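Worth saying up front: this structure is predicted, and the values here are computed from it rather than measured.
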Number of protein chains: 2
Amino acid sequence: MMDKPDKDFDTAASSAERPTLKTIAFMTGLGITTVSRALKDAPDIGHETKERVRLVARQIGYQPNRAGVRLRTGKTNVISLVLSLEEEIMGLTSPLVMGISEILAGTPYHLVVTPYRTANNPLDPIRYILETGAADGVIISRTEPRDARVALMMERNFPFVTHGRTVMGLEHPFHDFDNERFAYEAVRKLAERGRRRLMLLEPPPHLTFNVHMRTGFERGVRDFGGTIIPFSQVNLDSSLPDIRAACERVMQSSDTPDGIVSGSGSGAVALIAAVEGSGRRIGHEIDIVSKEPSTFLQWLRPEVSTMREDIRLAGRELAKAVIGRIDGRPASELQTLSYPIPTD
Amino acid sequence: MMDKPDKDFDTAASSAERPTLKTIAFMTGLGITTVSRALKDAPDIGHETKERVRLVARQIGYQPNRAGVRLRTGKTNVISLVLSLEEEIMGLTSPLVMGISEILAGTPYHLVVTPYRTANNPLDPIRYILETGAADGVIISRTEPRDARVALMMERNFPFVTHGRTVMGLEHPFHDFDNERFAYEAVRKLAERGRRRLMLLEPPPHLTFNVHMRTGFERGVRDFGGTIIPFSQVNLDSSLPDIRAACERVMQSSDTPDGIVSGSGSGAVALIAAVEGSGRRIGHEIDIVSKEPSTFLQWLRPEVSTMREDIRLAGRELAKAVIGRIDGRPASELQTLSYPIPTD
DNA sequence: CAAACCGGCTGTATCGTTTCAGTATAATCG
DNA sequence: CGATTATACTGAAACGATACAGCCGGTTTG
């Protein structure tokens, strides 16, 4: 039967097993406590001892057991990226994840993706994280002006950062793209081409950047002249076929635009299809300015004027901000804005 | 100074703190062990007792402490998605992550994104996970025919799934898109339009699906007739400007194609730009067939024939496969293929 | 009728780490 | 010189969960 496994020769120095503090303690002849404190550079450990411990630790490739640390201290070394499962529509998740990962790679933090269905309460994942202590910090997007998630995490004093700003008189870390500027510059471009009847494919109304983009748009129209063609039946969250259909309807109405601003690259695709479907040619009867995440439009429709939003950068900034917050830096130092990048 | 925190009224039943087994044990009057075993539906616990425990647990919203479980059992409840930081190029990370999350949402598993730089050894993240026991299962992509990561994980008998197949006589879980079929059908389409001088923008040579796609392409050319215009200076990993430049060169040479197959949507964009830049019109002097991840091309260049690859589905299949493997199901049951989706 | 068995429950040890409250030795002080 | 203090180190307890080896009262068995 020979069932008894010949374990427990692991008094300390076994080689196959993963090294722990105990292993180092045995090898150096020190106590576990001493090793622990030496590795954290505590002031009450002798200099030479620290050196010795560090050397051994490096040699045997010691890495603290995450479960042990987490159980004892509550520190998870996890950053949670909270995403709507439907977010894909905008396809901006890839670069965001990459940007975050890039920063986290140099830290002990792991990135955990925590999804939720927009149908459900977006507070659910936040509650989960708060209640179970699943992460040390959270990154959220689709930020609303009065965002319940922000309120909740502020109240609990939990480190987080938002992709997008809020309007609730609470100081918290954020990174945002200057959508107001984008829209303003977009209108300027259209005006320069003599366009006067302007239309905006806007962000979903409940999200903060809806206000920003519309503000920029309206300010542009005011400053550069023109009229606004309403187009609020659809928004950037609408399906592309819906956007296309809505745009086709407008193009067949009596009140048609000669300039369109699109808040996203994929939205622009639908608009282009609709516009061209109506027999109009971009650059001739009508102009379009779009935000472009990658390099698509620029090549397929050079007539469409674009400005880039660097989402990977956003990821990096967001990661730096949460970590900053976890490290106790004040929120006011962790608020950054990025600007439209010209794509000539 | 009133510094002493009034903790430790937590003998068991405190309400603010997160409930543990101890809490339930106190409330039910049972031992901690009993509660633990009752919740796992162990056979040696009375029926009524189980009911009682379950009821209380549900009432107070008990959730096992992950660190506790992990420390004791080694079970992490983590699935690690190992990604190249440069993978973004193909932009397929979003839907992949969404698909995986969708499945994981119904399980205790969390999704951790583990990045690496392609410059470094792709084995690094695998070694890290293996050595630190950072996950219960791994999902890898950019699979090679003789993939060292696969060999390593098989040897250690560690649960994983590959996005793409290998050719090393080892039976392991995978999900793959039938790129051979895709290329074959692509050639068929071109042939139907009378195209005879065919060119393929192929996957990176070291990845398995390079072989698949080329096999399908070559089989198609053989079956439907035509000649192959070599185009191996660039591949799907090349930058779009590089692809464009290479394609422009070909279009100016004496040996020009009249039909092109593109292994990716973004690659197609570069090809289109080059082709049109050379004065040729798609659908007239030349035809292009492309794989399309989203709905872009179809609308901007309806002349380009496309077939969709459902990456979100891939994410779902991959997630199901790792979990299956973790649950001990044989690899042979966890191998799936998905097929090109016509985009009419 | 003692022995074996069974159902249902529980105490203890353990995973790896950190915190707390020390201890031992040597140096400093009045 | 005894008492204080600093320096360098250490054992025990705890975080929450699970595996293991019991325990106890009652029934079956030979």
Side-chain angles (χ1 to χ4, degrees), chain A residues 3-5 7-8 10-12 14 17-53 57 60-77 108 131-134, chain B residues 3-5 7-8 10-12 14 17-53 57 60-77 108 131-134:
Chain A
D3 231 15
K4 185 195 275 181
K7 51 159 188 176
D8 237 334
D10 174 57
T11 324
S14 82
E17 288 308 313
R18 187 174 165 203
T20 70
L21 289 180
K22 194 155 130 193
T23 319
I24 303 179
F26 178 77
M27 292 176 78
T28 55
L30 295 163
I32 293 178
T33 306
T34 313
V35 175
S36 173
R37 300 191 50 71
L39 287 173
K40 324 197 103 56
D41 202 26
D44 63 346
I45 304 293
H47 203 77
E48 194 203 305
T49 306
K50 283 182 190 171
E51 288 295 312
R52 243 170 15 105
V53 170
I60 65 178
Y62 168 76
Q63 295 202 251
N65 179 308
R66 307 192 121 229
V69 174
R70 180 165 172 177
L71 180 57
R72 178 66 235 243
T73 66
K75 172 107 185 170
T76 61
N77 285 305
E131 282 169 16
T132 64
Chain B
D3 231 16
K4 184 196 270 180
K7 51 157 190 176
D8 238 334
D10 174 57
T11 324
S14 81
E17 287 309 313
R18 185 174 167 204
T20 71
L21 288 180
K22 195 156 130 194
T23 319
I24 303 179
F26 178 78
M27 293 177 80
T28 55
L30 295 163
I32 293 179
T33 304
T34 313
V35 174
S36 173
R37 300 191 50 72
L39 287 174
K40 325 197 100 57
D41 201 26
D44 63 347
I45 304 292
H47 203 76
E48 195 202 305
T49 306
K50 283 183 189 171
E51 288 296 312
R52 248 172 9 107
V53 170
I60 65 178
Y62 168 76
Q63 297 203 249
N65 179 308
R66 307 192 121 230
V69 175
R70 180 165 170 177
L71 180 56
R72 181 65 239 245
T73 65
K75 172 107 186 170
T76 61
N77 284 305
E131 280 168 17
T132 64

*Asks:* Please state how far atom CD1 in A:I32 lies from atom C1' in C:dT14, giving the value in whole angstrom units.
*Replies:*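 Rounded to the whole Å, the gap is 13 Å.
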
*Asks:* Any N/O pairs under 3.5 Å between the protein and nucleotides 19-27 of chain D? List them or say none.
*Replies:*
| residue | atom | partner | partner atom | Å |
| --- | --- | --- | --- | --- |
| D:dA19 | N6 | B:T33 | OG1 | 3.4 |

*Asks:* Check the distance between D:dA12's P and A:K22's NZ and give it to me in whole angstrom.
*Replies:*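 After rounding, the gap between these two atoms is 14 Å.
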
*Asks:* Nearest to the B:N65 side chain among D:dC15, C:dT10, D:dA17, which nucleotide is it?
*Replies:*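 So the side chain of B:N65 is nearest to D:dA17.
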
*Asks:* Given atom CD1 of B:I24 and atom P of D:dG16, what is their separation to the nearest angstrom?
*Replies:*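 So the two atoms are 13 Å apart, to the nearest Å.
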
*Asks:* Just how far, in rounded Å, is P of D:dG16 from CZ of B:F26?
*Replies:*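 Atom CZ in B:F26 sits about 16 Å away from atom P in D:dG16.
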
*Asks:* For the side chain of B:L71, counting heavy atoms from C-beta on, which of D:dT10, C:dG16, D:dA17 is nearest?
*Replies:*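 My answer, after comparing the listed nucleotides, is C:dG16.
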
*Asks:* State whether B:T20 places a side-chain N or O below 4.0 Å from either non-bridging phosphate oxygen (OP1 or OP2) of D:dC15.
*Replies:*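 For D:dC15, neither OP1 nor OP2 has a side-chain N or O of B:T20 closer than 4.0 Å.
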
*Asks:* Nearest-Å distance, CZ (A:R70) to C1' (D:dA14)?
*Replies:*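 Between C1' of D:dA14 and CZ of A:R70: 18 Å.
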
*Asks:* Can you tell me how far P of D:dA17 sits from CG of B:L39, to the nearest Å?
*Replies:*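 Taking atom P of D:dA17 as the reference, CG of B:L39 is at 10 Å.
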
*Asks:* Toward the 5' end of DNA chain C, which comes first, A:Q63 or B:K50, by nearest nucleotide?
*Replies:*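 The answer here is B:K50.
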
*Asks:* Quick test of your reading: applying salt bridge (Lys or Arg N to Asp or Glu O under 4.0 Å), list the pairs with at least one residue in residues 25-38 of chain B, sequence neighbours left out, ordered by first then second residue.
*Replies:*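 Those involving residues 25-38 of chain B are B:R37-B:D44.
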
*Asks:* Given D:dT10, C:dC9, C:dT17, which nucleotide is nearest the side-chain atoms of A:L30?
*Replies:*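 Comparing D:dT10, C:dC9, C:dT17 against the side chain of A:L30, the answer is D:dT10.
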
*Asks:* Pick out the pairs of N or O atoms, protein on one side and nucleotides 23-27 of chain C on the other, that lie under 3.5 Å.
*Replies:*
none

*Asks:* B:T34 side chain: which of C:dT18, C:dT10, D:dC9 is closest?
*Replies:*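 My answer, after comparing the listed nucleotides, is C:dT10.
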
*Asks:* Whole-Å distance between D:dC15 C1' and A:R66 CZ?
*Replies:*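 Going from CZ in A:R66 over to C1' in D:dC15 covers 17 Å.
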
*Asks:* Specify the closest pair of heavy atoms between A:R18 and A:T23, including all atoms of both residues, with the distance to one decimal.
*Replies:*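 Shortest heavy-atom separation between A:R18 and A:T23 comes out as O-OG1, 4.5 Å.
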
